[in-house]
Amino acid sequence: MSDDDCIFCKIIDGQIPGQVVDQDERTVSFMDINPATRGHALVIPRRHARDLLEIEPSELEAVAVAAQRLAGRIHERLEPAGINLLNSCGRAGWQTVFHFHIHVIPRYEGDPLRLPWTPGEGDPEEIAKVAEQLR
Ligand code: 5GP
Ligand code: ZN
């Protein structure tokens, strides 16, 4: 299942070029065209799914396993100081390409990335209230 207008489906089909670095039956991994750091890559399911809420659990599992495999290779070959996995879901959650993907971002000492929130003291009552909504 692919989406005719989807740029990542086109990379899978070979309709547009991509620097593919890993693939298996269910997933493809390729370099991000605008890397946040050296080695920034994306892992996607072959089967089109819009986002975290839409992807089938078994497909998500395959993508997570592929992301771990790629993170291991990045760790070995690029020797970063750390690695972030990132998924964005929905426009407000920074998603810009609507084919589910996990960013694998090698981290280096002194790289330009910063935590996107300011850690601050939480209100225990509010936390408990939300927890209640989630149980
Ligand atoms: P999002 O913002 O949805 O979490 O991530 C989309 C990512 O896809 C961005 O980091 C962006 O640089 C990358 N991207 C967008 N278009 C292309 C493309 O045509 N080729 C590749 N390789 N990456 C792309
Ligand atoms: Zn797609």
Side-chain angles (χ1 to χ4, degrees):
M1 185 168 59
S2 78
D3 180 326
D4 287 347
D5 296 327
C6 172
I7 201 161
F8 287 177
C9 283
K10 289 189 172 126
I11 290 177
I12 293 169
D13 289 352
Q15 285 177 53
I16 64 167
Q19 290 289 344
V20 172
V21 291
D22 185 74
Q23 47 188 316
D24 62 24
E25 212 176 289
R26 293 187 145 189
T27 71
V28 176
S29 301
F30 55 95
M31 305 313 291
D32 195 295
I33 203 166
N34 293 129
T37 64
R38 183 168 185 271
H40 179 178
L42 302 169
V43 185
I44 66 175
R46 288 184 182 277
R47 193 187 165 96
H48 181 91
R50 179 183 166 84
D51 59 24
L52 179 66
L53 300 174
E54 194 182 282
I55 189 170
E56 295 280 338
S58 65
E59 296 282 307
L60 178 60
E61 205 170 287
V63 174
V65 168
Q68 187 193 36
R69 182 166 68 234
L70 183 58
R73 204 184 299 164
I74 284 172
H75 172 73
E76 218 178 271
R77 308 218 183 142
L78 304 183
E79 299 184 357
I83 296 172
N84 284 121
L85 296 189
L86 173 74
N87 168 251
S88 298
C89 182
R91 274 182 214 290
W94 297 338
Q95 188 173 7
T96 59
V97 175
F98 291 84
H99 180 132
F100 179 85
H101 51 281
I102 295 180
H103 296 258
V104 184
I105 309 175
R107 301 299 309 276
Y108 305 94
E109 298 297 347
D111 74 28
L113 301 196
R114 296 292 171 264
L115 200 61
W117 68 89
T118 312
E121 206 176 317
D123 172 357
E125 259 183 46
E126 176 59 17
I127 293 169
K129 252 195 239 168
V130 183
E132 197 50 55
Q133 272 189 281
L134 294 177
R135 279 186 195 114

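Each ligand, and each atom within it, is numbered from 1 in the order the structure gives. Residue numbers start at 1 and run along the sequence shown. Quick caveat, the model's predicted, so the values are computed rather than measured.
For His103, the heavy-atom gap to ligand 1 drops under 4.0 angstrom. Ligand 1 lies out of reach of Phe98, whose nearest heavy atom is not under 4.0 Å from it. At least one heavy atom of Ile11 sits closer than 4.0 Å to an atom of ligand 1.
Of all protein heavy atoms, the one closest to atom 17 (C) of ligand 1 is Ile33 CG2, 3.7 Å. Annotation: atom 8 (O) of ligand 1 to nearest protein heavy atom, Phe8 CZ, 3.5 Å. For atom 3 (O) of ligand 1, the closest non-hydrogen atom of the protein is Thr96 N, 2.7 Å. Of the protein's non-hydrogen atoms, Asp32 OD1, 3.4 Å is the one closest to atom 11 (C) of ligand 1.
Atoms of ligand 1 found under 4.0 Å from any heavy atom of Gln95 (numbered from 1 in listed order, with element): 3 (O). Counting atoms of ligand 1 from 1 in the listed order, those under 4.0 Å from a heavy atom of Ile7 are 19 (O). Of all atoms in ligand 1, numbered sequentially from 1 with element shown, those under 4.0 Å from a heavy atom of His101 are 1 (P), 3 (O), 4 (O), 5 (O), 6 (C). Each of the following atoms of ligand 1 lies closer than 4.0 Å to a heavy atom of Ser88: 4 (O).
Hydrophobic clustering (ILVMFWY, side-chain heavy atoms < 4.5 Å, transitive): Ile83 and Ile102 are in one cluster.
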| request: Applying salt bridge (charged side-chain N to carboxylate O under 4.0 Å, His left out), run through Arg135 and Glu132 and close with a yes or a no. | output: CA-CA 5 Å; Arg135 279 186 195 114; Glu132 197 50 55; 3.3 Å; yes
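Side-chain contact of Arg50 with Gln95: a donor-acceptor pair under 3.5 Å is absent, judged by distance alone.
Taking the six-membered ring for Trp and the full ring otherwise, the centers of His101 and His103 sit less than 6.0 Å from each other.
In His48, the N, O or S atom that comes nearest to the Zn ion (ligand 2) is ND1.
Using a 4.5 Å heavy-atom threshold, the side chains of Glu54 and Asp51 count as touching.
Our summary of the site lists the angle at the Zn ion (ligand 2) between SG of Cys9 and ND1 of His99 as 110°, to the nearest 10 degrees.
At least one N or O atom of Met31 sits closer than 3.5 Å to an N or O atom of ligand 1.
In terms of modelled atom types and a separation under 3.5 Å, the side chain of Thr37 and the main chain of Ile105 share no donor-acceptor contact. Here the side chain of Arg26 pairs no donor or acceptor atom with the backbone of Glu61 at under 3.5 angstrom.
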